[in-house]
Every structure is written in C-alpha cells, then in structure tokens.
Amino acid sequence: MQKLFVFVISFLCVALSSANAQNYPTKVVTMIVPFAAGGPTDTVARLLGGPMTKTLKQQIIVENVGGAGGTIAANRVAKATPDGYTILIHHIGMSTAPALYRKLAYNPLTDFEPIGLINEVPMTLVAKKDFPAKDLKELIAYVKANKNKVNYANAGVGAASHLCGMIFMSAIQTEVTTIPYSGTGPAMNDLLGGQVDFMCDQTTNTTSQIKAEKIKVYGVTTKKRVPSLPNVPTMDEAGLKDFEVSIWHALYAPKGTPKPVIDTLTKALQVALKDPTVKQRFGDLGTEPVSEDRATPESLRKHLKSEIDRWGPIIKKAGVYAD
Ligand code: ASP
C-alpha cells in the first residue's frame, strides 16, 4: 500500500513538472550576472534581455551577484531550483575557475545544463589617461622599473581581467599589486578617476572610453585587429609575441532543468543573437554573436570542456591559486 502511494506521488510529480516544462515560462526569469552592474558581462546580459523577453513573453530580469571572480554567482545558480527561472550568464571564467580554485564548490561540467554560446570578445590592455607610457614597449619597461608602485585592477581570481593580467605578468616576468573589484564596471570608474593604473578588459567595456580618449590603450588581445578599433595594434604587433586571449560568454541553467525548458531558452537565445539591434551594438563594442549552430547546448558543452582542458595546464604552470 505504502509502495503504491509513493509510486502515485512520484508519478504525479513527474507529470506536473513535465506539464510545467511544456508551459514554460509562466513567470519572470532571473538571469544572474556574476559581476557588478555596468561591466562587460552585464552589458551583454542587458543587450540579450530585451529580445529574449520578447520571445519568451516573460520578463528577463538581470541580477548582479559579483565577487570572487564570478564563482559566488556560479555556485548560486548551480544550487538553484532547476526549473528555468534562474539562469546564469558567464564567460571564460567558467573554464578557468576549476584550475584556479583549490576548493571550488561546483563543477562547471556536471552541475549545469548548457543553453548556448553567445559571443567572443577581444580584450584590450588599457591604462589611466596620464599613465607615463605611450606604447606597449614603454608600458612593459615602466612596469618592470616601477613594479612596487604600479597597480593592476581586476574583477577577482577567475575573472577574464584576472586571466589576462596573469598572462601579461607572466609574459613580462613581473608581478605587480592587483586590486580586485566586484566587476570591471566599478574598476573602469577608478581607472577613469586615476585611482588605479592599468587593467585588461573586454572591448564591450573599453571601446567607448578608448574612442573618447579617456583612457590609454596599448593593444588588443586577439590575433587580428578589431574592426571597431582599427588603429589599435594587436599585442603581438605591439611587441608581445603570441599574446592571445579571447573571451566568450554563454548561458547555463542548473543541472536537471527539463529539456523542453532548455530548448525554449536556446531558441530565445538564437533569436536574440539575430536581432539587428543586438548585432549592431555587439559590432560597435568590438564583438559579434556566434553563429546559430554554436548557440546550442551541444556546442557549448564541447567548447567548455575544451577550454577547461586548454587553460588548466597554463594556469598550473603560472602557479596561481585561490582558496
Ligand atoms: N567580465 C569582467 C571580467 O571578467 C568582469 C565584469 O564583467 O565586470 O573581468
């Protein structure tokens, strides 16, 4: 009798959750941004939010949960109810955190359902306006000569700004003091105010400040120049051979989110990536949406795994760890 009761209850739960999944979404969806408002990840999230809201016919709300290089937010989504009402936008940090953190509370590969890739974004090495170095070679010489004086802003261990800074410092074999922020939005405010010296950040956050000449730029971190910043050399051209970091963003839901829900979110993402305003704004900010076949769970799963495999040994070699 008791067995029958348990069976009926489980059957009803499954039937109810699959009915809910078919009707999804029936209320607001929260997209968690793992960094502070006003930064590059936040910009991408807010650009996608409008068109995704239109497709889903339910509001997407962006919530900023900054700190610990994005790992606090990722952990929160990993532990959230897997019903499609809490999703995560994250970047390359999803693949670097496992090597950077000794005690990561989640597993990027097994605690999430991938929804799809969004874009690839170049980074730029930038400094406060009156920084006394006019090009990359001068910057390197200055940093080496003043390593106890200069400081570098980042968004915590695991952030893209951390990764880029780590590779830069290892390339020039010089460590400087790092100032961690909850996102490079607030870090940019301090760079503009001259309270910090330099940082490496996505073009989605630096392009307008570079164009307005409010900050100095030394190079873009991709192999090729960026069309929206045609006069900025690549780091390789500017003197640091083979310096290459490309950041990517993607969407995730907690593990166990029903497949029909993931399919609905993937479709909404694909529609948003074709939206003319999104394409235009992405282009202005030096990035572009991935093609539809890459904005899928399968493609993201593969990409995440290959990025974890790629960055793990590089980070281990650099010997950088956090607890
Ligand atoms: N994406 C930035 C970084 O990783 C942080 C941010 O979006 O604010 O440094």
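Atoms within each ligand, like the ligands themselves, are counted from 1 in listed order.
- Taking every heavy atom of T41 and a limit of under 4.0 angstrom, the matching atoms of ligand 1 come to 1 (N), 6 (C), 7 (O).
- Interface of G183 with ligand 1, defined as ligand atoms under 4.0 Å from a residue heavy atom, comprises 8 (O).
- The atoms of ligand 1 that sit less than 4.0 Å from any heavy atom of S161 are 3 (C), 4 (O), 9 (O).
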Using the rule given for salt bridge (charged side-chain N to carboxylate O under 4.0 Å, His left out), can you reason through D309 versus K305, listing the C-alpha separation, both sets of side-chain angles and the distance that settles it, and then say yes or no?
CA-CA 6 Å; D309 293 347; K305 169 86 176 66; 2.7 Å; yes
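- Annotation: A160 places an N or O atom under 3.5 Å from an N or O atom of ligand 1; distance criterion only.
- Heavy atoms of T184 approach ligand 1 to within less than 4.0 angstrom.
- Remark: P186 engages A36, Y181, S182 in a side-chain contact (heavy atoms from CB on, under 4.5 Å) (not counting sequence neighbours).
- For T26 and Y85, the side-chain atoms include at least one donor-acceptor pair closer than 3.5 Å.
- Checking only distances, Q202 does come within under 3.5 Å of ligand 1, N or O to N or O.
- Contacts with ligand 1 closer than 4.0 Å are made by side-chain heavy atoms of H91 only, the backbone lying farther away.
- Taking every heavy atom of P40 and a limit of under 4.0 angstrom, the matching atoms of ligand 1 come to 1 (N), 2 (C), 6 (C), 7 (O), 8 (O).
- Less than 6.0 angstrom separates the ring centroid of W248 from the ring centroid of H303.
- The side-chain hydrogen bond (donor to acceptor under 3.5 Å, both in side chains) test applied to T124 returns T206, not counting sequence neighbours.
- With ring centers used as reference points, Y218 lies 6.0 Å or more from F198.
- Residue contact check: A159 has heavy atoms under 4.0 Å from atoms 3 (C), 4 (O), 9 (O) of ligand 1.
- Below 30°, between 30° and 60°, or above 60°: for Y252 and F112 the angle between ring planes is above 60°, a perpendicular geometry.
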